[in-house]
Amino acid sequence: MQVIRCLPNQQNLTINLTVSLGRGGEACIYTVPTDANLVAKIYHKPKDAQDNKLSVMLAHPPENPTACLGHISIAWPTELLHSTDGSKRITGFLMPRIRGMRPIIDFYNPRTRRQHCPLFSYQYLIRTARNLAAAFAALHTRGYCVGDVNESNILVSDTALVTLVDTDSFQVRDPDSKTVYRCPVGKPEFTPPELQNKTFAECDRIVAHDLFGLGVLIFQLLMEGTHPFSGIFQGIGEPPTYESRIASGHFTYSQRTRVPYIPTPIAPAWEMLHPALQELFRRCFEEGHHNPLMRPSAATWLLTLTEVEESLITCTVNPQHRYSSHLHSCPWCQRTLRLGGRDPFPSQRAIAAKEHLAAHIPRKKPRPTAVPRVPKTPLPLNSLNYRQPNTAYNYPYYKSSKKQRYYPVVFCLLAFGLLGYLDVMIKFTSRPFDAENSYTQTLVTQQQVARDNLSFDDYYKQGHASYTIKNYEEAIRKFTKAIQKLPSHAKAYVNRGNAHFNLKQYEAALSDYNQAIKINPSETKAYVSRGNTRLILAEYSSDPDKDYKGAISDFNNAIRLNPSEIEALIRRGIVRAQVAKYSGESQDDYRKAIQDFNQALNLNPSRAEAYYQRGLVKYQIAQYSSDFEKEYRGAILDFNQALSLDPQMAKVYLKRGIVRYELSQYGGKESSRYRIQAVEDLQRAAKISLKQEDMDNYQQALSSICVVIENKCDAFFQHSNIIDKTN
């Protein structure tokens with residue numbers, strides 16, 4: 001693609017954009033061959049409103065709060081790009097290229113933080129919140145609103161620097177003409193109550209609207225990813241959505257109003273937050289519910305967070321634990337115990353030993369104690385791992401004879417001597433050892449060239465190898481190389497799309513699947529994968545019916561091409577069940593869903609997922625059936641079958657536990673047995689989820705346990721060995 005770049009000296013420069021970094025629904029991002037520090041965003045269908053909006057943004061850029069650090073806090077447009085057809089039509093713009101940063105969710109989510117940046121301490125999370133507030137303050141000072149505040153358009157570096165991206169979607173007000181270029185999208189979890197269920201394209205945003213979303217993000221940063229409106233529903237029926245909770249002002253941690261929720265057991269304690277932060281959150285979510293102007297400004301957050309960071313103290317047990325000075329003990333040590341030994345901020349020693357990546361940290365043997373342990377006595381949950389770890393000298397096999405102690409010293413001396421000799425030789429010869437042999441140097445060069453110029457088959461196999469070990473970024477690079485070698489290979493696009501899908505880059509995945517189908521309309525797997533992607537996108541879409549219909553169409557095509565395509569049958573059943581929950585013809589859609597699962601099981605009776613999904617549909621049907629008990633039992637039978645095929649499916653234990661609990665609510669002679677079985681199922685779900693590091697299901701299992709045992713949650717955890725219960 002060719003575009004025209006208008007330089008400051010009034011000269012026009014035509015540039016070729018060939019290397020794509022990503023593709024979305026509205027635009028594509030390209031590298032700029034003449035400047036490695038820029039990227040070009042090119043719209044698929046440019047509009048006049050975009051031209052005017054971009055012109056205003058270029059004329060009035062916000063201040064960069066981290067300019068002194070050489071960092072870009074706001075990826076603002078820098079130049080306009082024009083069409084080469086002579087019409088001077090704006091087709092896109094140039095903006096800074098952002099490298100080495102990850103979405104903010106990777107840092108406030110404990111699991112991904114532990115994987116990608118384990119040394120990112122709580123102080124760094126506060127610093128991230130500070131830098132985020134500074135970026136918002138800079139925008140608000142210039143009269144801009146982010147509008148679509150969410151976790152996907154905020155990037156964070158390993159040093160807690162922040163960059164706001166997707167800036168052309170911000171709401172822009174022209175200071176001269178007063179024209180407002182609105183932000184037409186938004187995510188419900190970050191949308192203030194006064195805008196819930198509103199059409200964003202018809203709303204002028206104000207700074208106070210942004211401040212609600214900013215408060216949510218800061219809360220998640222400082223509370224281990226916990227949403228301020230998440231909690232265990234104490235009412236009757238299904239828990240309301242986040243949208244309903246926000247619209248009702250049901251801030252879970254409210255200190256002044258009674259709300260029908262209690263904090264989830266997995267969430268950090270509210271008291272862990274500095275009192276000044278507690279007050280700002282109350283203003284944001286309680287007082288701000290009735291009067292949006294009461295929400296703390298970005299500048300207020302910035303000043304308060306600066307004071308809080310300065311008040312942090314360091315834990316004496318683990319220097320990575322930093323916490324507020326108003327506390328009498330380290331909350332992160334307590335949280336580590338609460339999570340069965342999984343430290344949210346692991347020590348440098350644990351990271352060096354890669355203990356922070358273990359699925360479950362092994363428990364050490366207890367020290368001898370004068371009080372004998374009673375067999376089979378449950379251990380309190382809040383006492384897990386309270387035993388002090390044994391040091392090396394307590395174990396006899398760590399003791400070595402005096403004679404043996406000299407060997408390490410001798411080996412060290414020999415090693416240092418050899419290193420010294422090599423260092424002297426290198427300095428005297430002034431060239432590396434490999435360079436002494438020209439043949440060796442030539443061979444190395446040839447090997448490097450060969451590595452950079454592999455065949456399609458080689459890149460394709462390397463992409464598969466990377467995908468197999470879940471290195472999806474590398475898989476994308478290899479499949480891209482393969483596609484460059486053979487652009488007509490549909491399966492290469494499908495595989496690259498699958499890698500994008502696993503990285504939650506759904507728009508890029510959708511683009512790859514579209515291209516695969518364009519190349520080969522009979523590529524069954526492309527239809528299945530595209531249907532899965534559309535199912536996911538429906539959750540975030542303003543028109544989910546369109547995405548659901550598109551997904552069903554894709555699965556229909558896959559089944560038409562291959563009537564034995566079990567995955568397409570299962571996924572089509574899932575979509576139909578989703579549609580049934582919101583459709584007026586729910587029973588008909590549920591019936592069609594069950595037909596899909598039955599057909600899949602006729603083809604392969606060992607598919608546990610099909611039994612699980614069929615059980616879910618029967619559970620949903622029970623909500624409307626006059627013979628609900630029969631449907632409940634049918635669901636349990638399907639869950640039983642799924643677990644007989646795969647005993648490690650935590651979600652099945654979770655749902656079976658919920659079904660058994662609901663059966664217990666109807667009374668009868670089996671009520672008590674159902675309740676006991678429900679708790680056992682939920683315990684098993686929590687244990688397996690924790691082992692598999694599935695914290696969403698783990699949290700849901702704990703929350704469900706609290707519902708089952710009503711208001712005795714704390715007492716239960718104090719007398720439960722839920723985490724260490726053996727199979």
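Remember, it's a predicted structure, so these values are computed and weren't measured experimentally. Computation of the quantities below employed the complete heavy-atom set of this structure, encompassing side-chain atoms and omitting hydrogens, waters and symmetry-equivalent molecules. Numbering starts at 1 and runs along the sequence shown.
Side chain of Arg245 to backbone of Phe229: a donor-acceptor contact under 3.5 angstrom is found. In this structure, Ser157 contributes its side chain and Thr159 its backbone to a donor-acceptor pair below 3.5 Å. Judged by distance alone, with hydrogens and angles left aside, the side-chain atoms of Arg295 form no donor-acceptor pair with the main-chain N or O of Arg283 at under 3.5 Å. At distances below 3.5 Å, at least one donor-acceptor pair connects side-chain atoms of Gln196 with backbone N or O atoms of Pro188. Without hydrogens or angle criteria, Tyr467 side chain to Tyr472 main chain gives no donor-acceptor distance under 3.5 Å. When atom types are taken as modelled, the side chain of Asn109 and the backbone of Thr112 share a donor-acceptor pair closer than 3.5 angstrom. Without hydrogens or angle criteria, Ser324 side chain to Leu312 main chain gives no donor-acceptor distance under 3.5 Å. Ser73 contributes no side-chain N or O that, together with a main-chain N or O of Asn64, makes up a donor-acceptor pair within less than 3.5 Å. Without hydrogens or angle criteria, Thr304 side chain to Trp301 main chain gives no donor-acceptor distance under 3.5 Å. A donor-acceptor pair is defined here as one N or O able to donate and one able to accept, closer than 3.5 Å; no such pair exists between the side chain of Arg97 and the backbone of Leu38.
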When you look at Lys478 and Glu473, which way does the salt bridge (charged side-chain N to carboxylate O under 4.0 Å, His left out) test go after all the steps?
CA-CA 9 Å; Lys478 294 302 182 183; Glu473 292 91 345; over 6 Å; no

Begin from the C-alpha positions of Asp168 and Tyr43 and carry the test side-chain hydrogen bond (donor to acceptor under 3.5 Å, both in side chains) through to its verdict.
CA-CA 11 Å; Asp168 57 316; Tyr43 294 110; 2.7 Å; yes

Verdict with supporting geometry, Val156 and Leu161, side-chain contact (heavy atoms from CB on, under 4.5 Å)
CA-CA 6 Å; Val156 179; Leu161 293 171; over 6 Å; no

So Leu132 and Leu217, side-chain contact (heavy atoms from CB on, under 4.5 Å) or not? Walk me through it.
CA-CA 9 Å; Leu132 180 63; Leu217 284 168; 4.0 Å; yes

Under the side-chain hydrogen bond (donor to acceptor under 3.5 Å, both in side chains) criterion, do Ser83 and Thr91 qualify, and how do the steps go?
CA-CA 6 Å; Ser83 171; Thr91 60; over 6 Å; no

Apply the test side-chain contact (heavy atoms from CB on, under 4.5 Å) to residues Thr141 and Glu63: give CA-CA distance (whole Å), side-chain angles for both, the deciding distance (0.1 Å), then the verdict.
CA-CA 9 Å; Thr141 299; Glu63 182 182 353; over 6 Å; no

Taking it one step at a time, do His71 and Thr163 satisfy side-chain hydrogen bond (donor to acceptor under 3.5 Å, both in side chains)?
CA-CA 9 Å; His71 174 74; Thr163 299; 3.0 Å; yes

Run the salt bridge (charged side-chain N to carboxylate O under 4.0 Å, His left out) check on Glu287 and Arg282 step by step: do they pass?
CA-CA 7 Å; Glu287 298 176 27; Arg282 290 193 192 100; over 6 Å; no

Apply the test side-chain contact (heavy atoms from CB on, under 4.5 Å) to residues Arg335 and Met272: give CA-CA distance (whole Å), side-chain angles for both, the deciding distance (0.1 Å), then the verdict.
CA-CA 11 Å; Arg335 183 164 175 76; Met272 179 270 298; over 6 Å; no

Derivation and outcome, side-chain hydrogen bond (donor to acceptor under 3.5 Å, both in side chains), residues Asp512 and Asn514
CA-CA 5 Å; Asp512 276 341; Asn514 289 340; over 6 Å; no

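Here the closest non-hydrogen pair linking Ala509 and Thr533 is CB-OG1, 4.5 Å. Counting all heavy atoms, side chain and backbone alike, Ala516 lies closest to Val494 at CB-CG2, 3.6 Å. Contact between Tyr124 and Asp158 at its shortest, heavy atoms only, is CE2-O, 3.4 Å. Taking both residues in full, the closest heavy atoms of Ser121 and Gln320 are given as CB-O, 3.8 Å, listed atom of the first, atom of the second, then distance.
Separation of the His227 and Tyr242 ring centroids falls under the 6.0 Å cut-off. Ring centroid separation for the pair Tyr261 and Phe233 comes in under the 6.0 Å cut-off. In summary, the aromatic rings of Tyr323 and Trp332 are positioned with their centroids too far apart to meet the 6.0 Å limit. In summary, the aromatic rings of Phe281 and Phe219 are positioned with their centroids under 6.0 Å apart. Here the two rings, on Tyr253 and Phe285, have centers that are 6.0 Å apart or farther.
At a threshold of 4.5 Å between non-hydrogen side-chain atoms, the residues Pro175 and Val56 count as touching. The side-chain heavy atoms of Ile476 and Gln505, taken from C-beta on, include a pair separated by under 4.5 Å. Arg205 is not listed as a side-chain neighbour of Arg182, based on a closest heavy-atom distance of 4.5 Å or more. In this structure, Val3 and Leu17 have side chains that are in contact, with non-hydrogen atoms separated by less than 4.5 Å. For the pair Ser55 and Leu80, the minimum side-chain heavy-atom distance is below 4.5 Å. Between Lys45 and Glu26 there is no side-chain heavy-atom pair separated by less than 4.5 Å. In this structure the side chain of Phe200 reaches within 4.5 angstrom of the side chain of Leu195, judged on heavy atoms. You'll find the side chain of Pro228 reaches within 4.5 Å of the side chain of Val216, heavy atoms only.
Ile232 CD1 to Thr252 OG1: the interatomic distance, rounded to the nearest 0.5 Å, is 10.0 Å. In this structure, the separation between CD1 on Ile218 and OH on Tyr108 is 12.5 Å, given to the nearest 0.5 Å. Taken from NZ in Lys651 to CD in Gln692, the straight-line distance is 10.5 Å, to the nearest 0.5 Å. Interatomic distance, NZ of Lys41 versus CD1 of Ile29, reported as 5.5 Å (0.5 Å rounding). The CG atom of Asn131 sits 10.0 Å away from the CG atom of Leu305 when rounded to the nearest 0.5 Å.
Donor-acceptor pairing under 3.5 Å is recorded for the side chains of Arg496 and Thr480. Remark: the Asn498 side chain and the Ser529 side chain contain an N/O donor-acceptor pair separated by less than 3.5 Å. Looking at Ser152 and Asn150, their side chains do bring a donor and an acceptor atom within 3.5 Å of each other. Using a 3.5 Å distance cut-off with no hydrogens or angles, the side chains of His82 and Arg89 do not pair a donor with an acceptor.
Not counting sequence neighbours, Asp174 has no partner by the salt bridge (Lys or Arg N to Asp or Glu O under 4.0 Å) test.
For Arg534 and Tyr513, the positive end is not near the middle of the six-membered ring at less than 6.0 Å and at most 45° from its axis.
Surrounding CG of Asp48 are at most 12 heavy atoms belonging to other residues, nucleotides or ligands under 6.0 Å away. More than 12 heavy atoms of other residues, nucleotides or ligands sit less than 6.0 Å from atom CD of Glu286.
Considering Arg114, Arg111, Arg113 in turn, Arg113 is the only one that fulfils the salt bridge (charged side-chain N to carboxylate O under 4.0 Å, His left out) rule with Glu224. For the pairing with Tyr144, the ring-ring contact (aromatic ring centres under 6.0 Å, His included) check across Trp76, Tyr181, Phe170 returns one residue only, Trp76.
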